[in-house]
Every structure is written in C-alpha cells, then in structure tokens.
There are 2 protein chains.
Amino acid sequence: MNLKTLAQKLGLSPTTVSRALNGYPEVSETTRARVSAAAKAANYHPNTQAKRLATGRAMAIGHIIPISDRHEIVNPVFADFIAGAGEVYARKGYDMVLTIVPDDEEARAYGELRSKGNVDGVLIHAPRVNDHRVTMLQSLGLPYVLHGRISGIETSYSWVDVNNVRAFERATNFLLDLGHQRIALINGISDMDFARRRRRGYERALESRDIPIDAQLITEGEMTEAQGHDHARAMLALPNPPTAFLTASLLSAMGTRRAVEEAGLVMGRDVSIVTHDDELGYLKNGTAQEPIFTATRSSVREAGRRCATMLIAQIDSGNRQPISELMETVLVLGQSTGPAPSR
Amino acid sequence: MNLKTLAQKLGLSPTTVSRALNGYPEVSETTRARVSAAAKAANYHPNTQAKRLATGRAMAIGHIIPISDRHEIVNPVFADFIAGAGEVYARKGYDMVLTIVPDDEEARAYGELRSKGNVDGVLIHAPRVNDHRVTMLQSLGLPYVLHGRISGIETSYSWVDVNNVRAFERATNFLLDLGHQRIALINGISDMDFARRRRRGYERALESRDIPIDAQLITEGEMTEAQGHDHARAMLALPNPPTAFLTASLLSAMGTRRAVEEAGLVMGRDVSIVTHDDELGYLKNGTAQEPIFTATRSSVREAGRRCATMLIAQIDSGNRQPISELMETVLVLGQSTGPAPSR
DNA sequence: CCATTGGACCAAAGCGCTTTGGACCTTCAA
DNA sequence: TTGAAGGTCCAAAGCGCTTTGGTCCAATGG
C-alpha cells in the first residue's frame, strides 16, 4: 500500500492525501477525516525512505559506539542512557541508529554518517579530556549534544551533564563531617572527563579542610566489581588504611564492600562507603526507601531523555546556538556510612 | 556532493559512475579507477535515503526493545548482545535501528517498522514461553532471527540459542558429583524461555539420580545482585539449607555470595556456587585464567554476532528457510565450588 | 566484406514521497 | 454585476539514487 494507490482508492490526488495526513491546512476537515480513516483501515504508513528523500530529513539520531580491546564503552550506563534517549526518539518519531565501530575508525564513521545523510544529528557519549570529537563535528556541521563535558577545550558546544564536582565535593564533605580523615577515591578512568571532575570535587573538599591529598588513596580504572575489590583491598592493606571510600559506580562499591568484608571489617561501622549511583534499571542500590550504599544519585536514563530532547529541539528549530543543562545529584543516605571509628 | 555533480566533474553519466562504484562489470577498469579516485577525493558517499528508495532495501536491521515498569530488558546482557550484532552490521554495511517502545505497543511497532519499510529484518530478544512475536512476524513477512527459542510453539523459525538444558544439567551433575544433595536454583524470570530450559536441565539431573525436587530450593526473578542475595539468604535460613547454589547470572551469583558470607559461611568450602556467565565486557568472572565462580560460560556477544550474521545471510539470499544454531557452553572451574561439607 | 558480437557508455524511467505553482469554484464586498 | 479573496483540490517537478533498454563503435568470424 502506497500513497498513490491509497489516493486512487479515495478518488483523490496524492497531493491531497499527503497533505491531509501531514496536517496541512489546505484540505477540508471532512476529506481529512475520510483520508485518515482510510489510511488507518489500510494500515498505511508512508515509506520512510521516500519521505526522507523528499524532505531531506533522516528523522534519525546517530549514536556511535567505539569498541576497542582496552576499553569498554558498551557498559551498563550506556544501556540505560540509550533507553532514556530512545523513549524520547520514539515519542518524537525519530529512529535511533547505533553504529558500532573500531575506535580508530570513529572519526571516519562520523564523516560517513554525515555525508551519507542517514542521521540528522548525533549524541556523543563518554567524552574524554581534550576530546577531539566536538571540533570534528563542528567542522562537519552535524548537530550534536554531548552527554558530559570536555575539560580543556575552548569551543562551546551543547551538553547535558551531572554536576560531578559538586556531587563528589559534597560526598567528601559528608565523610569529613563524620570524622573521616583518610578517605580513598576509587575513580573511573582518569582520561574520562567525568572522572576528572569527580576527582576535582574530592580534592577541593579535602583542601578546604587542609587535609593533604594522599596519592596512595586515589586510584582509577574501569568501574567494575573486580576493580573496586582489588583497589580497596590494596588500600586496606596500607599501614595507614583509609576509613572511608568514595567510589564511582555501584559495581565498584560492591567490590569495595567485598574487600572490606574480606578484611574482617564491617561496612558502615569500620569502613564507610559512598558511591555514585546512576540509578540503572537492573542494578539498584537497594530500594528507593532503603538504599544500601550512601550515594550521590542521578538518573542516567533521565540524562538520556534530556540529551535526546535537547538534540531534537536543536534539529527541529535549526538553532545552532549551544545550550546546556547541568543536573544536580541528590545525596541519599544508606547503611554504608557511619562516624569514623575512633582509634 | 552528489552523484550527478560527481559525474559531471568526471565527464561521465551518472549511470556509469553509479556502476563503477557498485562494481558492475560493464565499465572499463580504467574509468572505474578514475571514478573511485574522484569519489574518494571528493569524499563522496551515496545518499543513503536515495539508495534505499531506489533499491527498495533499507540496509538496516531493527531491534525492538519493549520497556515496562515491571520488567527490564535494558539489561547488561542486552548491551553486550547489541555490541556483537553491531560489529557484524558495521562490517556488512547495515545500520542498526533501535526502537524503544512501551511493551503494550510492541506489536504495533513491528507492524510499523514493516510498513514504513525502514528495516530489512529484525532481531528478537528475550523470547518468552508461548511468545506471540514469531507468528506475528511470520504474517508480516518480515525476516527475523530469534536470540533464544520458544517452548510451546509449533511453527518453525530461525534462532540462535545456547544449550541451556545441557548447560544446567551438566552444572547440576557437577555439583552432584561433588556430593551435594541440596542444590538450590536461583533462576531468571520463569516466563523467560531460557529460564524454563535451565530449570529443565537442573531437574533432569536431579531426577536421573533420584533426588527429589524441592520447590523451596527453586526461585525465580529478575537477575540482579539483590535478587541473588535475598533469595539465597532466605534459603540459607531454611531448616535444611542448600549446600550449593545454581544461579542464572553473575550478578545473582555475586548476591548469593554476599548472602553466604553474611551467614558466616565460606564460599567454596561450606557452600558452592555455580553460575551462568554471559562473558559480559564489563562484568567479568575474575580473569580468564582464574575465574571466581565455577560457571557455564557462553559469550552473549558472540551470540549477537551469530544472530546478525544469520539474519543478514537470510536477507541477502532471500532464503526464508528457517535455520538455527545451538551454542554449547563450557564449564569453567572457579573457586566457588568444592566438595559438599560432611555433616 | 558484411553481419555479429561484445565492450563501454548513456538517456530516461522509476522508487514513493513532498511541495511548488497553479486551477477551479464559491463567497463576498464594492 | 464583477473582481477579489479564500477554500479545496490537483498536475507535475523534484529528492538522489539504481536500472532498464538502449546506442555507438571496434573487433571478430565466416
């Protein structure tokens, strides 16, 4: 079933049918009703490719996922982000196009997406410090929104981000207020912009209380359970071990807890843990009422929604003025923190 | 830059340029070389929409992700599967189109995808018992491949699946061989076909040794850390607690371990755990050499690759003959299992 | 020497839609 | 009564590609 046959069946021209279905004013309400009824009855949906070609709009948003041996971007956070963005796309009639690409071909992939014209814009994941993608997209003229920001770049761009500095500054202050002096940071990969910002927040809190920063208490890496465990275990074996941990993800926190318990310590009494919680769908921090870990919380799915909304707004309006949105975290109290143990 | 201007620049007709770039024989090798050089120099890529319209092929595969409050399909397994499939798509020049849809609109979404013509085929995730999607797709005439199978359906269809029955039968036998008699199964949601099959494997092993199946030792649910923990804890509190657990995912296994340790027991000595391990990128079962959990292992990313390969083969060949592929698991030995404790 | 073959190219139609630039008719004000 | 205005519809020209059905010319075989 295509436009032409539908039009014939109705005794109308394709023009009129198209206009009726697309809500143009120059068609009487009675025929519009007739047309939409017939379209529904025939289960007619305009061919996407034809529509795209005619309008010059792909009605699709691209997500490029680099894949490498060293580094996993296909992570739980990504899945939830996608889900959030996808909700918005579906509502707005956009498709989501995912491209998996070896990370050394990422630049080429953006260029191709652009020149082949199969997306109207792209969403940028996991920006790194000094990330080159923004300047590349700028020169390509392809609309984009970043999930995160890029330290050390001067061009302005559109982004949605969590206030990571503030989140980790607050979390650190919270632990300091509980009397902890030896606070460890188990961070994400230092190359990642968000990790850099979290560290800054952590350091800022310590500095403001004149507590020296101990490099031994700061580690970074892929945010897995094993990482949390291994790093925490190593730090707990120090002559002067930390009494509190700040971790960058729930998985790291789970690993940290395991190390704590293996050391014969009790979480929340001997050792406190504060983590960042992305509110992933299948990886919950206890229940909403009773969190296990004290955590800085911010829904990554909601971030996905906002990124998508922002990008579509930019595309639809044709406005290339960079805009941005900073999401604040909440600090939820769980069972993993308590006053620093007295020596 | 489009075909016409490129052709003009070369002093050729669009026909010839198109043919040169698409490898048709009726063009001399010298002009072909000239054309492809010019195309590369001009960074020319044929417009996807136009190509699709002209060829009638979307060069895209759809994945429909239902989303609901009760049930999370946007899970870690999904992300890795997507990554595997996406690798293949990229290599073959296909796009991956993700559609996030409220689960009560899933059927409509398939129909729309079909009639709007934006994909050439779909990959079906997480089939449930008596899943209706296969019959629907059959009647839509849209090529598809299932990741998993559907118990209780008689029509034949194409699928890629892990031999879940065998995997869990072997795992159970392994525990039985170690002397365990009280073996618990912490399963995925019973509505899921894979969960049904795993249970069957578990029960089959027990039956073959005349060990009664104890309903108290079988639970099901979303495969999260919390589920593993809560279910294991409850079972360990039974008057006659299990000495071994079979879990359906690494997260569940981690939760189970936590419950074991909370109970003051030692994993691998007092309580054994065998889990299924999907070899997720960011959620590893220890290292390849030293697994933490004894596990039935099968890469879900590889399954994604095979599904994609199979689907594309079907689409390209036009062959609608159902085909299938059964992947066997390996049973890797970790530190989580040991002989049953003597009373 | 002529008909045939095959190699290299091209004009034009078509994919299914949108959109421009009318056409036709009714209504209304002057 | 007439011209303008407005409402409703349509024919046809694209969008950028592929593909059908050629043309033209050189080579080849009888």
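Naming convention: chains lettered A, B, ... in sequence-line order (proteins, then strands); numbering from 1 in each chain.
For residues 37-63 of chain B, every residue pair satisfying the ring-ring contact (aromatic ring centres under 6.0 Å, His included) rule, not counting sequence neighbours, is listed here: H63(B)-Y89(B), H63(B)-H125(B).
With sequence neighbours left out, the side-chain contact (heavy atoms from CB on, under 4.5 Å) criterion links K92(A) to V88(A), Y94(A), I312(A). When the side-chain contact (heavy atoms from CB on, under 4.5 Å) test is applied to R32(A), the partners found at least two apart in sequence or on another chain are A20(A), V27(A), E29(A).
Taking a 4.0 Å limit (strictly below) on heavy-atom distances, residues 22-44 of chain A reaches DNA chain C at N22(A), Y24(A), Y44(A).
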For D120(B) and R114(B): C-alpha separation, side-chain torsions, deciding distance, then whether salt bridge (charged side-chain N to carboxylate O under 4.0 Å, His left out) applies. CA-CA 8 Å; D120(B) 296 319; R114(B) 167 65 175 169; over 6 Å; no
Applying side-chain contact (heavy atoms from CB on, under 4.5 Å), run through V300(B) and E279(B) and close with a yes or a no. CA-CA 7 Å; V300(B) 77; E279(B) 295 196 79; over 6 Å; no
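Rounded to a whole Å, the CG atom of L10(B) is 17 Å from the P atom of dA8(C).
Comparing the axis of the opening five pairs of the helix from dC1(C)-dG30(D) to dA30(C)-dT1(D) with that of the closing five pairs yields an angle of 50°, rounded to 10°.
Side chain to side chain, T31(A) and S28(A) meet the donor-acceptor criterion of an N or O pair below 3.5 Å. For the residue pair S158(B) / Q314(B), a side-chain donor-acceptor distance below 3.5 Å is found, with atom types taken as modelled.
The pair D193(B)-R149(B) fails the salt-bridge criterion, with no side-chain N (NZ, NE, NH1 or NH2) lying under 4.0 Å from an Asp/Glu carboxylate O. Electrostatic pairing of E87(B) and R305(B) counts as a salt bridge here, judged by a charged N lying under 4.0 Å from a carboxylate O. R306(B) has no carboxylate O lying under 4.0 Å from a charged side-chain N of D161(B), or vice versa, which leaves the two without a salt bridge.
In the 5' to 3' direction, nucleotides of DNA chain D lying under 4.0 Å from heavy atoms of chain B begin and end at dG16(D) to dG21(D).
T15(A) comes within contact range of at least one nucleobase, with a heavy-atom separation under 4.0 Å.
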